[in-house]
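For this chain, numbers begin at 1 and follow the sequence in order.
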Amino acid sequence: MSASRQVIPIDPEFFCDGHYYVLTSLSLGGSHLTAEQLSEQLRGGDAQTIRILLQEGICLPLFFDGDCALDHATTFVVGDLDETEEQNWIGCLTSKLHIPCGKLLLLCGGGDPNELEEILSGKPPAPHYVIFQVIEVPPQTYRVDVYAYLSSMTVQQSLSYYDQHFEEIVDQERLDHYLANRPGIPGTDYIIQLRPCQGEVPLPELVPELDWGGVFQFRR
């Protein structure tokens with residue numbers, strides 16, 4: 001494991017009352033896009049536009065099937081996962097981010113250009129309205145892996161479905177397997193890992209009709 005590994009918890013005041021998050025940098029990947037231009041592209045949400053943003057490492061738009069998915073038990077890891085973190089993840093979503101300014105940005109939403117412009121100006125979050133977090137990282141292009149653990153919204157929702165009578169059915173066999181083999185890490189729903197980009201990075205599958213990232217690949 002790299003000696004320079006950084007572990008940064010999400011701000012305990014961070015709050016996103018919605019399904020949408022954006023991972024980017026304060027320089028928007030060095031793209032020279034304005035806040036208004038990026039917000040317009042994110043709001044438009046067509047697949048071709050979003051794929052270009054992903055390919056160029058400008059941002060990673062994320063959609064979850066519920067509110068507050070990343071808010072309380074997410075950790076950023078810059079460097080390698082430790083053995084427990086590697087053993088316990090169940091779902092993963094991969095992309096890349098170009099961060100020439102050395103300032104990683106996690107943002108709730110992303111579709112409001114005035115809000116985004118104020119955030120990009122470098123102002124700290126307003127008290128009692130912490131909808132973004134900035135993390136210092138070495139300037140470079142990163143491979144980004146978002147790992148989902150057993151307690152995460154992503155995994156929990158994958159373990160149940162509704163039958164023809166609209167009764168929720170839990171996949172007990174899968175749940176028992178996870179509890180026995182990948183029971184998770186207390187206080188961890190998601191880990192967002194950044195490593196220096198080496199070679200081609202697979203880009204995430206987009207959620208149908210929304211065209212934002214959000215389709216996790218599950219371990220077999």
Side-chain angles (χ1 to χ4, degrees), residues 7-26 38-39 42-43 45 50 53-54 59-78 85 88-95 97 103-116 118-120 123-135 144-162 168 170-171 175 178 182-194 204-218:
V7 179
I8 305 103
I10 197 164
D11 187 327
E13 299 299 320
F14 185 95
F15 178 67
C16 186
D17 187 18
H19 301 239
Y20 298 88
Y21 298 79
V22 176
L23 274 168
T24 183
S25 63
L26 284 188
L38 180 60
S39 293
L42 291 171
R43 288 198 310 272
I50 298 299
L53 294 174
L54 294 169
C59 66
L60 170 55
L62 290 170
F63 171 83
F64 294 88
D65 286 323
D67 296 346
C68 307
L70 297 179
D71 290 14
H72 307 297
T74 294
T75 300
F76 298 88
V77 173
V78 184
E85 293 163 348
N88 277 274
W89 69 263
I90 294 171
C92 182
L93 183 155
T94 301
S95 192
L97 285 177
K103 297 182 186 297
L104 172 69
L105 170 64
L106 173 66
L107 167 67
C108 172
D112 185 323
N114 296 324
E115 209 165 56
L116 180 56
E118 185 169 348
I119 290 168
L120 296 180
K123 294 180 181 178
H128 312 299
Y129 190 59
V130 181
I131 61 165
F132 71 94
Q133 183 170 352
V134 177
I135 294 171
V144 181
D145 291 287
V146 182
Y147 294 104
Y149 291 80
L150 180 58
S151 58
S152 68
M153 180 183 295
T154 298
V155 174
Q156 288 298 306
Q157 289 183 343
S158 78
L159 287 169
S160 63
Y161 61 94
Y162 290 89
E168 186 175 13
V170 175
D171 189 335
L175 177 57
Y178 290 153
R182 307 190 194 282
I185 304 169
T188 302
D189 289 351
Y190 296 90
I191 287 179
I192 299 173
Q193 181 195 30
L194 279 74
E205 183 180 344
L206 303 183
V207 177
E209 298 181 7
L210 296 172
D211 294 322
W212 276 43
V215 179
F216 282 73
Q217 304 302 314
F218 285 76

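- Counted within 6.0 Å of CD on Glu209, heavy atoms from surrounding residues, nucleotides or ligands total 12 or fewer; the atom is thus considered open.
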With side-chain contact (heavy atoms from CB on, under 4.5 Å) as the criterion, how do Phe64 and Tyr190 come out once you've worked through the C-alpha distance, each side chain's angles and the decisive distance to 0.1 Å?
CA-CA 12 Å; Phe64 294 88; Tyr190 296 90; 3.6 Å; yes
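- Nearest heavy-atom pair, Gly184 versus Asn88, reported as atom, atom and distance to 0.1 Å: N-OD1, 2.8 Å.
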Evaluate Ser25 against Lys103 for side-chain contact (heavy atoms from CB on, under 4.5 Å), listing each step before the verdict.
CA-CA 5 Å; Ser25 63; Lys103 297 182 186 297; 5.7 Å; no
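- Residues Ile192 and Val144 meet the side-chain proximity criterion, which asks for heavy atoms closer than 4.5 Å.
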Step-by-step ring-ring contact (aromatic ring centres under 6.0 Å, His included) determination, Tyr178 to Tyr149:
CA-CA 10 Å; Tyr178 290 153; Tyr149 291 80; over 10 Å; no
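- Residues forming a salt bridge (Lys or Arg N to Asp or Glu O under 4.0 Å) with Asp145 (at least two apart in sequence, or on another chain): Arg143, Arg195.
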Go through it in stages, so that I can follow the logic: the residues are Ile8 and Val78, the test is side-chain contact (heavy atoms from CB on, under 4.5 Å), and I'd like the CA-CA distance, side-chain angles, deciding distance and then a yes or no.
CA-CA 8 Å; Ile8 305 103; Val78 184; 4.3 Å; yes
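- Among residues two or more places apart in sequence or in another chain, the salt bridge (Lys or Arg N to Asp or Glu O under 4.0 Å) test is passed with Glu85 by Arg5.
- Between Pro204 and Leu60, the shortest heavy-atom contact is CG-CD1, 4.0 Å.
- In this structure, the separation between CG on Leu159 and CG on Leu150 is 7.0 Å, given to the nearest 0.5 Å.
- Between Ile119 and Val134 the shortest side-chain heavy-atom distance does not fall below 4.5 Å.
- Put simply, the side chain of Ser151 gets close to the backbone of Thr188: a donor and an acceptor are under 3.5 Å apart.
- You'll find the side chain of Leu54 reaches within 4.5 Å of the side chain of Leu206, heavy atoms only.
- Annotation: Tyr161, atom OH; neighbour count of heavy atoms from other residues, nucleotides and ligands within 6.0 Å does not exceed 12.
- With rounding to the nearest 0.5 angstrom, the OG1 atom of Thr24 is 8.5 Å from the CG atom of Leu107.
- Distance check, rounded to the nearest 0.5 Å: CD1 of Ile191 to OG1 of Thr74 gives 9.5 Å.
- To the nearest 0.5 Å, atoms CG (Leu120) and CD (Glu115) are separated by 11.0 Å.
- Between the side chain of Tyr147 and the main chain of Leu93, no donor-acceptor pair closer than 3.5 Å is present.
- Residues passing the ring pair (Phe, Tyr, Trp, His ring centres under 6.0 Å) test with Phe63 are His19, Tyr20, sequence neighbours excluded.
- Screening Leu210, Leu38, Leu42 against Pro61 for a side chain to side chain contact (heavy atoms under 4.5 Å, CB included) leaves a single residue, Leu42.
- Expressed to the nearest 0.5 Å, how far NE2 of His128 lies from CZ of Phe15 amounts to 14.0 Å.
- With a 4.5 Å cut-off on side-chain heavy atoms, Phe132 and Asp11 do not count as touching.
- Between the side chain of Arg43 and the main chain of Gly111, a donor-acceptor pair closer than 3.5 Å is present.
- No hydrogens or angles considered: a donor-acceptor pair under 3.5 Å links the side chains of Tyr21 and Asp71.
- Taking the side chain as every heavy atom from C-beta outward, Leu175 and Asp171 never approach each other to under 4.5 Å.
- Residues Trp212 and Ile50 are in side-chain contact: their nearest non-hydrogen atoms beyond the backbone lie under 4.5 Å apart.
- Contact record, Gln133 with Phe14: N-CE1, 4.2 Å, taken as the closest heavy-atom pair.
- In this model, Cys108 has its SG atom within less than 2.5 Å of the SG atom of Cys16.
- Across Val22 and Gly110, no two heavy atoms sit closer than the pair CG2-CA, 4.2 Å.
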Any chance you could lay out the side-chain contact (heavy atoms from CB on, under 4.5 Å) test for Thr94 and Val146, step after step, and finish with the verdict?
CA-CA 6 Å; Thr94 301; Val146 182; over 6 Å; no
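- Side-chain contact between Leu104 and Leu194 is present, with heavy atoms from C-beta onward closer than 4.5 Å.
- Contact check for Leu23 versus Leu97: side-chain heavy atoms found under the 4.5 Å cut-off.
- Looking only at distances, no side-chain donor or acceptor of Thr75 sits under 3.5 Å from a matching main-chain atom of Pro9.
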